[in-house]
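These notes concern the structure reproduced below.
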Amino acid sequence: IRQLVKQRRPRGFPPGPSPIPVIGNIMSLATEPHVFMKKQSEIHGQIFSLDLGGYSAVVLNGYDAIRECLYHQGDVFSDRPSLPLFMKMTKMGGLLNAKFGNGWIEHRQLASNSFRYFGSFQKPLDQKILEECMFFVDAIDEHKGKPFNPKHLVTNAVSNITNLIMFGERFTYDNCDFQHMIEIFSENVELAVSGWAFLYNAFPWIEYLPFGKHQKLFRNAAKVYNFLEQIIKRFSEGRVCNFPRHYIDDYLNKLDKSAGDLGTPYSRENLIYSVGELIIAGTETTTNTLRWAMLYMALYPNIQEKVHKELDSVLGSGQSPSLADKKRMPYVEAVLHEVLRFCNIVPLGIFRATTQDTLVSGYNIPKGTMVITNLYSVHFDEKYWCDPGTFSPHRFLDSNGNFVRREAFLPFSLGKRHCLGEHLARMEMFLFFTTMLQRFHLQFPPGTVPSLTPKLGMTLQPLPYSICAVRRQQ
Ligand code: HEM
């Protein structure tokens with residue numbers, strides 16, 4: 001915590017809402033913090049600060065402020081804050097939460113090489129994703145058009161793509177141990193931004209209180225790491241040096257080669273953290289996007305009909321979608337982009353920190369300041385989006401129906417620490433979505449309309465809902 005800016009509003013720091021003694025602004029973050037922050041930016045400006053109970057954080061709102069910091073001052077805004085919770089969870093090692101420096105560079109490089117190499121080992125990755133899509137739609141078919149909650153099925157199918165890269169294998173949809181691990185891991189993604197987590201960051205001594213949601217977080221993390229340790233052991237059996245079969249082998253080879261090098265960032269511990277981070281970062285986000293996409297298709301039958309029309313005209317009858325079809329499906333692309341914009345899967349990004357003292361829009365931001373990137377405020381930025389509160393795929397199409405990229409679209413964030421899995425996620429979303437909609441018509445059980453209010457956490461997901469996937473006549 002010493003590395004965080006502990007002083008309350010240092011000189012020249014951005015202004016912000018008045019804090020309550022001791023706990024600062026923590027209470028204001030209890031419900032929809034991204035919405036609260038956008039509203040505050042209308043009062044205090046695009047760059048403002050919050051007192052999180054003894055340490056200060058800067059909040060960046062709107063496309064201009066986020067681009068200014070994350071892109072134009074890329075090196076400065078690329079650290080992660082040394083929050084007590086993160087220190088306890090991953091000791092600021094691994095990949096996603098690693099401090100900006102050599103350890104992070106090495107881990108990011110290794111993961112990105114694995115995506116490229118193991119993704120296309122034996123077969124191109126899109127072919128492997130398509131194989132999983134078939135398991136997925138067959139499993140949906142088993143419900144025979146009756147209502148079901150798609151959450152587990154989507155999670156299993158999506159996590160199998162990262163499993164292929166990490167372990168070289170997919171897991172069957174009845175693997176309860178793996179499912180349980182994912183379940184408690186995603187519970188932690190939710191707890192990581194709960195009031196208790198903020199309190200723990202401000203007052204780490206509450207670790208010794210026998211109650212509180214932070215205790216649950218610690219228990220879950222211990223179980224997850226234990227599971228990952230076992231699974232890593234199992235999949236590294238039979239490893240042959242210089243012939244890696246998957247990410248685990250590749251990492252262990254690097255670890256062996258760096259034996260005796262005191263400065264090496266590779267360690268068994270960092271392997272567990274990185275595997276966990278890649279699995280959860282890859283699964284939670286893509287799963288939530290697809291679950292929202294299914295929900296909105298059932299909610300707007302006219303949009304779903306246009307998707308069906310495009311699929312039928314591009315694919316004809318019986319031909320499965322492939323990545324090559326993406327260019328010819330601007331409407332599908334527009335729908336998926338609008339889901340990412342409107343649903344804000346990672347509304348506050350992943351907390352950043354500054355690597356050195358800096359000046360932005362006349363404000364002084366000292367080294368080590370925690371920085372929150374309000375990505376939701378970018379997607380609802382009135383300067384760039386007309387009527388942002390309306391779900392409308394058409395905003396991503398020109399008058400000829402061609403897909404158009406939009407600048408203020410940052411679901412994967414920006415700059416040096418932007419999402420490592422963007423390419424993979426885009427492939428998965430396109431192939432899962434098109435394969436599913438080619439075969440099914442999605443509708444809510446008669447007389448029901450699920451809530452559109454998201455469940456809060458680091459990611460936003462729909463509350464559990466039931467849907468009917470009725471086979472289409474083609
Ligand atoms: C980071 C979004 C899918 C791996 C991030 C960040 C966002 C994000 C907003 C924060 C970047 C920052 O610090 O500003 C998403 C969304 C996804 C998705 C919306 C799907 C729709 C994936 C997938 C993987 C992945 C499939 C890998 C399997 C990561 C990693 C980081 C990250 C490793 C941390 C990067 C670093 O610290 O250098 N993602 N992500 N993500 N994502 Fe994703």
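All ligand and atom numbering here is 1-based and tracks the order in the structure. All figures in this text were calculated on a predicted structure; none of them were measured in a lab.
Ligand 1 has at least one atom lying under 4.0 Å from a heavy atom of Ile350. Within the structure, ligand 1 lacks Arg426 among the residues with a heavy atom less than 4.0 angstrom away.
Taking the ring axis of Phe218 as reference, the NZ or CZ atom of Lys88 stays within 45° of it and closer than 6.0 Å to the ring centre. At least one test fails for Arg341 against the ring of Phe391: distance under 6.0 Å to the centre or angle within 45° of the axis.
Side chain of Arg80 to main chain of Leu96: a donor-acceptor pair is present (N/O by atom type, distance under 3.5 Å, no hydrogens or angles).
For the pair Asp64 and Lys383, the salt-bridge criterion is met [side-chain N within less than 4.0 Å of a carboxylate O].
Here Glu422 has no heavy atoms under 4.0 Å from ligand 1, in either its backbone or its side chain. Heavy atoms of Leu70 found under 4.0 angstrom from ligand 1: none, in either backbone or side chain. Neither the backbone nor the side chain of Glu277 has a heavy atom within less than 4.0 Å of ligand 1. When non-hydrogen atoms are compared, ligand 1 lies under 4.0 Å from the backbone of Leu96 as well as from its side chain. The proximity of Arg352 to ligand 1, defined as any non-hydrogen pair under 4.0 Å, is limited to the side chain.
When side chains are defined from C-beta on, Thr283 does not count as touching Phe185, because their heavy atoms never get closer than 4.5 Å. For the pair Lys213/Leu217, no side-chain contact is recorded, criterion being any heavy-atom separation below 4.5 Å from C-beta on. Contact check for Asp256 versus Arg239: side-chain heavy atoms found under the 4.5 Å cut-off.
Within ligand 1, the atoms closer than 4.0 Å to a non-hydrogen atom of Leu375 are 9 (C), numbered from 1 in the order shown. Close approach to Gly282 involves these atoms of ligand 1, each under 4.0 Å from a residue heavy atom: 23 (C), 24 (C), 26 (C), 27 (C), 28 (C). Near Arg108, meaning under 4.0 Å from any of its heavy atoms, are these atoms of ligand 1: 35 (C), 36 (C), 38 (O). Near Thr289, the atoms of ligand 1 lying under 4.0 angstrom from a non-hydrogen atom of the residue are 21 (C). Residue Leu278 has at least one heavy-atom neighbour below 4.0 Å for each of these atoms of ligand 1: 28 (C), 33 (C). Ligand 1 places these atoms under 4.0 Å from at least one heavy atom of Val346: 2 (C), 9 (C). Close approach to Pro411 involves these atoms of ligand 1, each under 4.0 Å from a residue heavy atom: 2 (C), 9 (C), 19 (C).
The closest non-hydrogen atom to atom 22 (C) of ligand 1, taken over Ala281, Ala111, Pro347, comes from Ala281. Closest to atom 15 (C) of ligand 1 by heavy atom, among Phe412, Phe351, Phe77, is Phe412. Atom 25 (C) of ligand 1 has its nearest heavy-atom neighbour, among Gly415, Ala425, Gly421, in Gly421.
Across every non-hydrogen atom of Asn270 and Pro265, the tightest pair is ND2-O, 2.8 Å. A pairwise comparison of heavy atoms in Leu431 and Pro321 identifies CD2-O, 4.2 Å as the closest pair. Of all non-hydrogen atoms in Asn97 and Arg417, the two that sit nearest each other are C-NH2, 4.4 Å.
Some N or O of Arg417 is nearer than 3.5 Å to an N or O of ligand 1, by distance alone. Close N/O approach between Thr286 and ligand 1 is not found [any backbone or side-chain N/O within under 3.5 Å]. Remark: ligand 1 and Thr162 share no N or O pair separated by less than 3.5 Å (distance only, no angle test). The shortest N or O to N or O distance between His418 and ligand 1 is not below 3.5 Å. At under 3.5 Å, a nitrogen or oxygen of Ser413, whether backbone or side chain, sits near a nitrogen or oxygen of ligand 1. By the 3.5 Å distance cut-off applied to N or O atoms, Trp104 is counted among the residues near ligand 1.
The closest protein non-hydrogen atom to atom 32 (C) of ligand 1 is Cys419 CA, 3.7 Å. Protein heavy atom at the shortest distance from atom 37 (O) of ligand 1 is Arg80 NH2, 2.8 Å. Ranking protein heavy atoms by distance to atom 18 (C) of ligand 1, first place goes to Thr285 OG1, 3.3 Å.
The ring of Trp385 has its center closer than 6.0 angstrom to the ring center of Phe396. For Phe167 and Tyr247, the ring centers sit 6.0 Å or farther from each other. His107 and Tyr266 have their aromatic ring centers within a separation under 6.0 angstrom. If you look at Phe403 and His337, their ring centroids are closer than 6.0 Å. Checked against the 6.0 Å centroid threshold, Tyr384 and His379 do not count as a close aromatic pair.
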